[in-house]
Number of protein chains: 2
Amino acid sequence: MGRGKIEIKRIENSTNRQVTYSKRRAGIVKKAKELTVLCDAEVSLLMVSSTGKIHEYISPSCTHKNLYDRYQQASGTDLWQPHYEKMQEHLQKLKDINNKLRKEIRQRHGEDLDDLGFQQLRGLEQNMEKSVECVRNRKFHVITTQTDTFKKKVKNHEETHNSLIREFEERDADFRFPSLDFEGDYQSTIGFANGNPQIFAFRLQPKLQSADLQDEETYGSYGLSLS
Amino acid sequence: MGRGKIEIKRIENSTNRQVTYSKRRAGIVKKAKELTVLCDAEVSLLMVSSTGKIHEYISPSCTHKNLYDRYQQASGTDLWQPHYEKMQEHLQKLKDINNKLRKEIRQRHGEDLDDLGFQQLRGLEQNMEKSVECVRNRKFHVITTQTDTFKKKVKNHEETHNSLIREFEERDADFRFPSLDFEGDYQSTIGFANGNPQIFAFRLQPKLQSADLQDEETYGSYGLSLS
DNA sequence: TCGACTATTTATAATTA
DNA sequence: TTAATTATAAATAGTCG
């Protein structure tokens, strides 16, 4: 090759290595081109230098992907195809399950009942009655719990209110028949006299009036179009 | 290179082309090996001869796929990555929708109601009552239709039965007080006399007795474990 | 069809500018 | 540094057995 026989082993000097890489890369690309033209072959050549830079040669009217695919087919080590097919299968399964679930929901909405027989309809009806009973019970449980909580709150507030009233009246009495330590407590008593009585008016019914059906978020249709 | 400068153009003689291909292929593979060792580079070399045979060189501890992937990433022409990600996304969407559907079904089964408020429970209850009404109506419709069909069948059979009885009695009368054309009809009359009366016993109730709930196929859980 | 063998060309490592 | 030069090794086209 050059001045004196060279040994084929790693060039330790990084700069020289890069120089040699550039030169030899050019050489190998030239060889690849020649092979393409002379022998009517298709060549895909990918090279990554020790610094991570990528260089390539690919025969005209041909792609790396194309050659790589052919290589994979030939060597029978295509790992993508099975993976891809599995995913497709998986998607189909999910779609099927989705449709079943939708159908069940529709039936539980009283729709799409045409292909159910008498027995199935009777079963569905009984099951739904049982289920609606569960919901009703839960509803009562919730409203009971809420009512209890409100009662407690009301009681609590009443107690606070009463004790404040009591305290106020005591102070008021002190004010009209001042005790020995009047001077020191005057300011705080004035403060209470100016306190806002509306502070004890609270809302007992947190929006329990209109119970419109069907929260779109929860019971709407989950549309999904697949490509 | 050899005996006299060679021109880089396709070798027309097929045999010579193959010979040259073999020699040069060995050469380029050797060069690729040298590049790998000397310059610490990674090389992927795929060659397809004009006869379709595939030869390769790949640097040790490295795969064609690996290098090809890196090349695609670098050149930004990876068509698989986005596709793959889309599929993953799609799968996730389907799973999410599935879970929502399942939750709705559970709630319509009277389960998993803990995170519903009073209003939602009331809405659900009313909706379920409306739905169960639909199912009930459908059930009545089916049973009514079935009953009508049976009635019609019974009526039909009765009519047939009566007309046969009538005919039989007429024939019987003819037998006891033979008419002028007795000879010709004797055989067929005997045939009727031997007819089986049980032929008119039919089943009116096609298995309407036990209406067990829950067809596993329709209302069971659709389990799916994903890898 | 296949190696083995040259006569040459080609590639390139080392050197120089 | 990088680019051009050069001496030499390597590659290989054509040939022969």
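Remember, predicted model here, so these are calculated numbers, not experimental data.
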Separation of atom [atom1] in [X] from atom [atom2] in [N], rounded to whole Å:
X     : N      : atom1 : atom2 : value
B/L35 : C/dA13 : CG    : P     : 10 Å
B/I6  : C/dT8  : CD1   : C1'   : 12 Å
A/Y21 : C/dA11 : OH    : P     : 18 Å
B/E7  : C/dT10 : CD    : P     : 12 Å
A/N16 : C/dT15 : CG    : C1'   : 12 Å
A/I8  : D/dA10 : CD1   : C1'   : 10 Å
A/K31 : C/dT9  : NZ    : C1'   : 9 Å
A/E34 : D/dT12 : CD    : C1'   : 11 Å

task: Answer yes when B/E133 and B/K130 have at least one side-chain N-carboxylate O distance shorter than 4.0 Å, and no when they do not.
output: no

query: Choosing from D/dA10, C/dA13, C/dT9, which nucleotide comes nearest the side chain of B/K30?
result: D/dA10

Where the side chain of [X] meets the backbone of [Y], is there a donor-acceptor pair that is under 3.5 Å apart?
X      : Y      : answer
B/S59  : B/V43  : yes
A/Q18  : A/T15  : no
A/R108 : B/R108 : yes
B/R106 : B/E111 : no

- prompt: Shortest non-hydrogen contact from A/L113 to B/V135?
  reply: CD1-CA, 3.9 Å

Atom pairs, protein N/O to nucleotides 1-5 of chain D N/O, distance under 3.5 Å:
{"residue": "D/dT1", "atom": "OP1", "partner": "A/T15", "partner atom": "OG1", "Å": "3.1"}

message: So, does A/T20 get its side chain near the phosphate of C/dT12, meaning an N or O under 4.0 Å from OP1 or OP2?
response: no

